[in-house]
Amino acid sequence: MPWFDLSERELATYRTATAEPEGLDGWWRARLEEAGSAALPPVLTPYAADVYGPLPVWDVEFSGYGGDRVRGWYLRPAGSGAAELPTVVSYIGYGGGRGLPSEHVLLPAAGYAVFVMDTRGQGGRWTLGATPDSGFAGPEHPGVMTRGIASPETYYVTRLMVDAARAVEVAASLDGVDATRLAVSGGSQGGGLALAAAALNGDAVRVCHADVPFLCDFQRAVTLTDAEPYAEISKFLAQHVELIPRALDTLRYVDGALLSRRITATSLLSVGLMDEVCPPSTVYAAYNEITAPKEMAVFPFSGHTVPRVHDERRLRHLRAHL
């Protein structure tokens with residue numbers, strides 16, 4: 001895919017044209033308070049010691065949106081005992097779930113604890129999931145991006161972002177976690193959730209890593225690319241034309257570009273200039289709203305992936321800031 005979006009010079013100054021909904025902070029505060037009031041204590045069950053040997057792994061269940069139980073993994077470095085460790089809350093890309101613990105061993109190998117959040121209603125497209133979405137009835141395009149889109153209160157992404165914010169709270173409460181050294185991290189959908197979690201948890205998050213983030217600058221994305229998952233929305237609205245105003249209003253409440261204005265964490269984002277799934281301008285829309293210390297890793301010939309060398313940049317960034 002050749003470069004199709006704005007030039008690098010234009011990207012550096014691009015700002016979203018989407019207006020922020022009035023009372024957005026209060027609206028999100030109400031969602032989070034509602035989830036907190038319905039929450040039960042997390043349950044951690046030791047997992048497969050015969051497989052992972054000295055690597056401690058727990059199967060996690062915690063309360064997310066509306067008290068819904070969300071699954072996850074908690075892994076610690078071998079030999080770390082009860083020491084309080086810097087911890088990364090990790091989010092998964094679109095269509096995937098928490099997978100298996102073996103998919104998340106890099107950070108424990110490097111000395112960090114990791115708390116992996118499963119993705120409600122996803123999993124099975126490219127890795128395993130274990131968390132259902134709460135019941136919803138209504139028309140939707142295949143996938144989850146149009147589920148409940150007629151209202152921000154019923155929208156799927158609202159539930160997902162509340163889960164992501166709650167995952168940070170739960171991770172901070174666990175034994176062996178240094179709650180003053182928390183990071184959030186993910187790629188694509190996981191990157192969008194990392195931005196949202198950093199925004200919604202404020203100073204509780206010290207570091208934010210968001211690679212080629214999804215869920216940003218929706219109203220530009222759905223008119224710029226015909227690649228999934230944004231195309232789920234445009235294809236749906238091509239048929240349900242009566243829902244266009246309500247759907248576009250809903251998207252403003254969960255727009256990562258608008259939420260990024262609240263981020264206080266030191267942030268590292270990445271962008272592929274040939275990315276047609278999450279176009280570069282939508283990534284910069286979020287990045288350019290962050291006022292905290294930040295860096296952008298730019299990959300001129302990458303699409304919706306980052307090269308493996310970026311793993312080491314993320315680790316260096318954690319060493320420096322967590």
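Source: prediction; values computed, not measured.
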Engineer: Determine, step by step, whether Tyr284 and Val298 satisfy the side chain to side chain contact (heavy atoms under 4.5 Å, CB included) criterion, reporting the C-alpha distance in whole Å, the side-chain angles of both residues, the deciding distance to 0.1 Å, and the verdict.
Structural biologist: CA-CA 11 Å; Tyr284 273 92; Val298 180; 3.3 Å; yes
Engineer: Inspect the contact between Arg252 and Asp249 and indicate whether a charged nitrogen and a carboxylate oxygen are less than 4.0 angstrom apart.
Structural biologist: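 Salt bridge present between Asp249 and Arg252.
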Engineer: To the nearest 0.5 Å, tell me how far Phe4 CZ sits from Leu273 CG.
Structural biologist: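 One finds 9.5 Å between CZ of Phe4 and CG of Leu273.
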Engineer: Other residues, nucleotides and ligands only: do more than 12 of their heavy atoms fall within 6.0 Å of CG on Asp25?
Structural biologist: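 Result for CG/Asp25: enclosed.
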Engineer: Start with the C-alpha gap between Leu322 and Tyr112, add the side-chain angles, then the distance that decides, and say whether side chain to side chain contact (heavy atoms under 4.5 Å, CB included) holds.
Structural biologist: CA-CA 10 Å; Leu322 197 67; Tyr112 300 94; 4.2 Å; yes
Engineer: Roughly how far apart are Arg313 CZ and Leu315 CG, rounded to 0.5 Å?
Structural biologist: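 The CZ atom of Arg313 sits 12.5 Å away from the CG atom of Leu315.
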Engineer: Examine Phe62 together with Tyr74 and report whether their ring centres are nearer than 6.0 Å.
Structural biologist: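 Not close enough - the centres of the two rings lie 6.0 Å or further apart.
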Engineer: Would you mind telling me which of Leu32, Val168, Val89 makes a side-chain contact (heavy atoms from CB on, under 4.5 Å) with Asn201?
Structural biologist: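 Testing Asn201 for a side-chain contact (heavy atoms from CB on, under 4.5 Å) against Leu32, Val168, Val89 leaves exactly one candidate, Val168.
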Engineer: Would you mind checking if Arg159 and Asp133 are paired as a salt bridge, meaning a charged N to carboxylate O distance below 4.0 Å?
Structural biologist: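 Result for this pair is yes, salt bridge flagged.
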Engineer: Run the side chain to side chain contact (heavy atoms under 4.5 Å, CB included) test on His240 and Ile149 for me, step by step, so that the C-alpha distance in whole Å, both residues' side-chain angles and the decisive distance to 0.1 Å come before the verdict.
Structural biologist: CA-CA 11 Å; His240 292 274; Ile149 199 170; over 6 Å; no
Engineer: Please evaluate residues Arg69 and Ser63 with respect to the criterion side chain to side chain contact (heavy atoms under 4.5 Å, CB included), reporting the C-alpha separation (whole Å), side-chain torsions for both, the decisive distance (0.1 Å), and the verdict.
Structural biologist: CA-CA 5 Å; Arg69 298 300 274 179; Ser63 295; 2.7 Å; yes
Engineer: Check whether the side chains of Tyr230 and Arg220 place a donor and an acceptor atom closer than 3.5 Å, and report yes or no.
Structural biologist: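 No, no side-chain donor-acceptor contact under 3.5 Å.
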Engineer: What pairs with Glu34 under side-chain contact (heavy atoms from CB on, under 4.5 Å), at least two apart in sequence or on another chain?
Structural biologist: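 Glu34: side-chain contact (heavy atoms from CB on, under 4.5 Å) contacts with Arg31.
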Engineer: Regarding Thr119 and Arg98, do their side chains bring together a donor and an acceptor under 3.5 Å, going by distance alone?
Structural biologist: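 The criterion, which ignores hydrogens and geometry beyond distance, is not satisfied for Arg98 and Thr119.
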Engineer: I need the full list of salt bridge (Lys or Arg N to Asp or Glu O under 4.0 Å) pairs touching residues 70-88, with sequence neighbours left out, sorted by first then second residue.
Structural biologist: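 Sorted pair list: Asp59-Arg71.
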Engineer: Less than 4.5 Å apart, any side-chain heavy atom of Cys216 and any of Cys278?
Structural biologist: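 No - every pair of side-chain heavy atoms lies 4.5 Å or more apart.
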Engineer: Verify whether one side chain among Thr16 and Glu289 offers a donor that lies under 3.5 Å from an acceptor in the other.
Structural biologist: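 No, no side-chain donor-acceptor contact under 3.5 Å.
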Engineer: Can you give me the closest heavy-atom contact between Tyr52 and Ser102, atom names plus distance?
Structural biologist: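 Of all heavy-atom pairs spanning Tyr52 and Ser102, the closest is OH-N, 3.1 Å.
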Engineer: Locate the shortest heavy-atom distance separating Val254 from Phe218; write the atom from each residue and the value.
Structural biologist: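 The answer is O-CE1, 3.7 Å.
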Engineer: Is the number of heavy atoms from other residues, nucleotides or ligands under 6.0 Å of Glu242 CD greater than 12?
Structural biologist: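 Above 12, so yes.
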Engineer: Taking all atoms of both residues into account, what is the closest heavy-atom pair of Ala292 and Ile263, and its distance?
Structural biologist: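 Answer, listing the atom of Ala292 first, then Ile263: CB-O, 3.7 Å.
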Engineer: Is Glu228 paired with Arg125 through a side-chain N to carboxylate O contact shorter than 4.0 Å?
Structural biologist: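 Salt bridge between Arg125 and Glu228, a charged N being under 4.0 Å from a carboxylate O: no.
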Engineer: Can you see which heavy atom on Arg246 is nearest to which on Ala150, and at what distance?
Structural biologist: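 Where Arg246 meets Ala150 most closely, the heavy atoms are NH2-CB, 3.4 Å.
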Engineer: With a 3.5 Å cut-off and sequence neighbours excluded, list the donor-acceptor pairs that the side chains of residues 203-213 form with protein atoms.
Structural biologist:
| unit_1 | atom_1 | unit_2 | atom_2 | d |
| --- | --- | --- | --- | --- |
| Asp203 | OD1 | Thr264 | OG1 | 2.9 |
| Arg206 | NE | Thr180 | O | 3.3 |
| Arg206 | NH2 | Thr180 | O | 3.0 |
| His209 | NE2 | His317 | ND1 | 2.9 |
| Asp211 | OD1 | Ser270 | OG | 2.7 |
| Asp211 | OD1 | His310 | NE2 | 2.8 |
| Asp211 | OD2 | Arg314 | NH1 | 2.5 |

Engineer: Is the backbone of Gly99 close enough, under 3.5 Å, to the side chain of Trp73 for a donor and an acceptor to pair up by distance?
Structural biologist: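 Side chain of Trp73 to backbone of Gly99, a donor-acceptor pair under 3.5 Å: yes, one is there.
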